[in-house]
2 protein chains.
Amino acid sequence: MKFIVRDTDYAVRALVYMAKQSLSKNKKVFTVDEVVREEGLPGRFLRKLLQTLAKRGLLVSNKGKKGGFSFLKPPASIKLTDIMEAFQGRVDITNCLLKGRPCPNKKKCILRKTLKNINKLIQRELEKITVVSLLEGR
Amino acid sequence: MKFIVRDTDYAVRALVYMAKQSLSKNKKVFTVDEVVREEGLPGRFLRKLLQTLAKRGLLVSNKGKKGGFSFLKPPASIKLTDIMEAFQGRVDITNCLLKGRPCPNKKKCILRKTLKNINKLIQRELEKITVVSLLEGR
DNA sequence: AATTAATGATACTAAAATAGTATTATTAAA
DNA sequence: TTTAATAATACTATTTTAGTATCATTAATT
Ligand code: FES
Ligand code: FES
């Protein structure tokens, strides 16, 4: 069950690395190459991911020499769900209908109800997790 | 987020149809062709799915003229999770590690803990849902 | 001004997963 | 013997995922 896709995973690794350096060494700007060296991720791919995060307003990017990516939002305020939404849309396990055909009993469908409830819970729990909480474990 | 795959979906439709006929008309044996006619599913594909359910011990199959599939387990005792497991393995959203690389902080990883808890809850909830509860909405 | 080191945008491609089809064998009733 | 069903398994097409390549833009350094 692919709940967290690779894009999200790579992006989280990158952000956690950046947050770590940022908090411990007060480092501000990170090039893709640096993150790639440290985390062993595919470079061109990660670049695309960080671009996406910049478009989403989590990071800022600066072109040219001495350029790179830095946090726009502080890492303690970046939720896991923010990152997931950037790459995989909102958490939604309620899509129980395939090919547009309705379930046999849509209105009183117990599965639909159950999935909706579970989904809310998942969202609530994942929103508690931030880049810093991944780094620090709390 | 593909939580329920198409195989499961088709199989559920088939089983719900069969349960309905079984409960209302005391019908026992169903050919693939009948289900396909009624539910509009791809025939050869559904046959493969019902074969899987038979191997799993949910249905029995009978070859030859007047053959077909019938319930081995009563539909009220067939859980959604039984069907899901047949086609997509156990419900497991905890696979947060990709490409075998560990997360930055595996032992005290808050995401891991959160996902494990959520997963238990999902399993508990989905186990309450059976073929008959899908049919009846409770 | 030229060079260099960075990201931006976008198109392309390879690999894997998903969904579905085809073929041949087996079985049992009529 | 024919017919109507499933069994097994191989094959194929489509879609998604993952990743690469190319060229453009930008800003600091020399
Ligand atoms: S299975 Fe989705 S509405 Fe019932
Ligand atoms: S993200 Fe899986 S153990 Fe931390």
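Note that these values count all heavy atoms, side chains included, but never hydrogens, waters or copies made by symmetry. As the structure is a computational prediction, the values presented were derived from the model and not from experiment. Throughout, protein chains are lettered first and strands after them, A, B, ... in sequence-line order, and every chain is numbered starting at 1.
- Distances shown here put a side-chain N or O of B/Y10 below 4.0 Å from the OP1 or OP2 atom of C/dG20.
- Partners of A/Y17 according to the ring pair (Phe, Tyr, Trp, His ring centres under 6.0 Å) rule, which considers only residues two or more places apart in sequence or in another chain, do not exist here.
- Taking every heavy atom of residues 45-57 of chain A and every atom of DNA chain D, pairs under 4.0 Å involve A/F45, A/K48, by number.
- One can place CZ of B/R44 at 15 Å from P of D/dT12, the figure rounded to the nearest angstrom.
- Side-chain proximity of A/S61 to C/dT7, D/dA28, D/dG19: nearest is C/dT7.
- Spacing between atom CG of B/D7 and atom C1' of C/dA17 amounts to 12 Å, rounded to whole angstrom units.
- Comparing C/dG20, C/dT7, C/dA19 by their closest approach to the side chain of B/P42 singles out C/dG20.
- When distances run from any side-chain atom of A/K65 to the nucleotides C/dG8, C/dT4, D/dA18, the shortest one goes to C/dT4.
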N/O donor to acceptor pairs below 3.5 angstrom from side-chain atoms of residues 53-80 of chain B, sequence neighbours left out:
{"from": "B/S77", "atom 1": "OG", "to": "B/P74", "atom 2": "O", "distance (Å)": "2.8"}

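- Of the candidate nucleotides C/dT7, D/dT6, C/dA30, C/dT7 has the atom lying nearest to any side-chain atom of A/K63.
- Contact between the side-chain N/O atoms of B/R6 and the OP1/OP2 oxygens of C/dT18 is not found at any separation under 4.0 Å.
- Using a 4.0 Å heavy-atom distance criterion, A/D33 is classed as making no nucleic acid contact.
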